[in-house]
Structure formats: C-alpha cells, structure tokens
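Below is one structure, written out as structure tokens; the observations come after it.
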Amino acid sequence: MPGPYVIRGSVSLPEAELSWRFSRSSGPGGQHVNTSDSQVELRFDLGSTASLPEVWKQRALERLAPRLVDGVIAVRASEHRSQWRNREMAATRLAALLAESTAPPPKPRRATKIPRGINERRLRQKKARGETKRGRSGRDW
C-alpha cells in the first residue's frame, strides 16, 4: 500500500510527505481491540508541500482553511478492525479531499430569460386548474 497516492492526472502525493500515527480505536470490542493500534491518523503538510502545483496548493489552502492546523491537514479512519484497511481508507479520503479542494472553480452561471411561451403555458394551466376547482363548489345546484 505504499504511495504515491494519485490525486488527479499525473499529480500524486509521495509517501515521504505523509506522516502516519496509530492509536487504539474507541468503542466496544473484544480483547483484540484492547491490544491493537488499528485507528489511523494521516497527516499531510499542505502549506510546505512541493508535490502540488502552486495554483492547486493555493486553492486547497483557501478551501480547506477551517480544517487546517498550521497548514497541516489530518484525516482519521477507524471503521475497520484492520489497521491495513484503515490505512487504505485514510489515504483514499485524503486523496479525494485534495482532489475536490484543488478542482477548478465552476463556470459562472449565465443568466437567461425565461421564454414567454413557457410562462404563458404555466399561467394557462393555473387558470384551467382554478376553473376546475371553481366548478366543484356547487353554487349553481
């Protein structure tokens, strides 16, 4: 499972820039849980990395600002009993998070005018519906 971890295209994170920390998972379990360090915390120094293009790095720093602590982003995984699977999960999450945060901004929406025919059709349907309901009142009986 050693890196590099692909973010998008040819850009990837080298294993040397990632730091792993292992600890015991919380919650219920048996004797195995009490002795194994299966929870994984993956840390990546976004502020000082050289593996991301500068534009991507600035985008990620802006978008992930609330999650960063001194320019470092941390991802934790403890869903699985196996440390190996938690490592895979944390690496996948980090790659997905960085791919999402470095994506280019969406194109601005171009304002368009609603066609007159659509508006008229909507109003005709409303009028017809109102007539149907008015016809149910039974005033003329």
Side-chain angles (χ1 to χ4, degrees), residues 1-140:
M1 125 125 235
Y5 304 100
V6 176
I7 294 176
R8 192 171 57 244
S10 62
V11 178
S12 60
L13 298 176
E15 182 71 37
E17 291 190 12
L18 303 175
S19 67
W20 300 89
R21 206 178 102 207
F22 308 103
S23 59
R24 293 187 186 151
S25 290
S26 62
Q31 290 128 349
H32 172 74
V33 171
N34 298 333
T35 59
S36 64
D37 292 341
S38 60
Q39 179 174 322
V40 174
E41 184 178 296
L42 174 59
R43 298 170 66 81
F44 176 65
D45 193 350
L46 189 57
S48 64
T49 185
S51 59
L52 294 177
E54 197 58 37
V55 177
W56 286 22
K57 191 165 136 178
Q58 289 307 317
R59 264 190 223 142
L61 285 170
E62 272 179 31
R63 293 178 182 168
L64 297 175
R67 288 191 63 167
L68 296 176
V69 177
D70 297 329
V72 176
I73 186 151
V75 177
R76 187 173 285 152
S78 63
E79 290 83 28
H80 303 288
R81 291 179 61 180
S82 158
Q83 185 189 95
W84 183 258
R85 288 181 66 192
N86 282 333
R87 283 177 64 122
E88 288 176 344
M89 182 72 86
T92 304
R93 276 191 202 152
L94 180 65
L97 187 66
L98 287 174
E100 185 181 328
S101 66
T102 58
K107 290 182 180 178
R109 183 188 174 278
R110 222 174 66 199
T112 57
K113 191 175 172 187
I114 297 174
R116 186 189 302 157
I118 290 176
N119 214 14
E120 287 175 356
R121 188 178 331 131
R122 181 180 62 86
L123 292 174
R124 261 197 320 272
Q125 287 173 346
K126 282 174 65 109
K127 204 55 116 183
R129 182 75 175 147
E131 287 298 321
T132 303
K133 289 186 171 190
R134 201 172 303 118
R136 294 181 188 153
S137 67
R139 286 179 297 195
D140 299 335

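Side chains included, hydrogens not; waters and symmetry mates left out as well; all remaining heavy atoms used. Computed from a prediction, not measured in an experiment: that's the story for all the values here.
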(request) Please identify each residue that fulfils side-chain contact (heavy atoms from CB on, under 4.5 Å) with E54, with sequence neighbours left out. (result) K57, Q58

(message) Could you report the tightest heavy-atom contact between A90 and V75, atom names first, then the distance?
(response) O-CG1, 3.8 Å

(message) For T132, give me all partners under side chain to side chain donor-acceptor pair (under 3.5 Å), at least two apart in sequence or on another chain.
(response) none

(request) Output all residues satisfying side-chain contact (heavy atoms from CB on, under 4.5 Å) with A96, sequence neighbours left out; order by chain, then residue number. (result) none

(message) I need the minimum non-hydrogen distance between D45 and D70, along with the two atoms involved.
(response) OD1-O, 4.4 Å

(request) Compare all side-chain heavy atoms of K127 with those of L123 and state whether any distance is below 4.5 angstrom. (result) no

(message) Run the side-chain contact (heavy atoms from CB on, under 4.5 Å) test against A95 and tell me which residues pass, sequence neighbours left out.
(response) none

(request) Sequence neighbours left out, what passes side-chain contact (heavy atoms from CB on, under 4.5 Å) with S51? Give chain and number order. (result) L13, P14, E17, F44, T49

(request) Compare all side-chain heavy atoms of R85 with those of S38 and state whether any distance is below 4.5 angstrom. (result) no

(message) So, taking the atom named CG in L18 and the one named CZ in R87, what distance separates them when rounded to the nearest 0.5 Å?
(response) 9.5 Å

(message) Listing request: all side-chain hydrogen bond (donor to acceptor under 3.5 Å, both in side chains) pairs with a residue in residues 105-121, at least two apart in sequence or in separate chains.
(response) N119-R122

(message) Could you report the tightest heavy-atom contact between R67 and A74, atom names first, then the distance?
(response) NH2-O, 3.5 Å

(request) Kindly give the heavy-atom pair with the smallest separation between R63 and E100, and that separation in Å. (result) NH1-O, 3.6 Å

(message) To check you understand the geometry: which heavy-atom pair defines the closest contact between A60 and T102, and what is its length?
(response) CB-CG2, 3.9 Å

(message) For a quick test of reading the model, state the closest non-hydrogen atom pair linking S78 to Q39 and the distance between them.
(response) CB-CG, 3.8 Å

(request) Starting at CZ of F22, measure out to CG of L42 and round the result to the nearest 0.5 Å. (result) 9.0 Å

(request) Kindly compute the distance separating OG (S101) from CD1 (I73), expressed to the nearest 0.5 Å. (result) 7.0 Å

(message) Other residues, nucleotides and ligands only: do more than 12 of their heavy atoms fall within 6.0 Å of CZ on R21?
(response) no

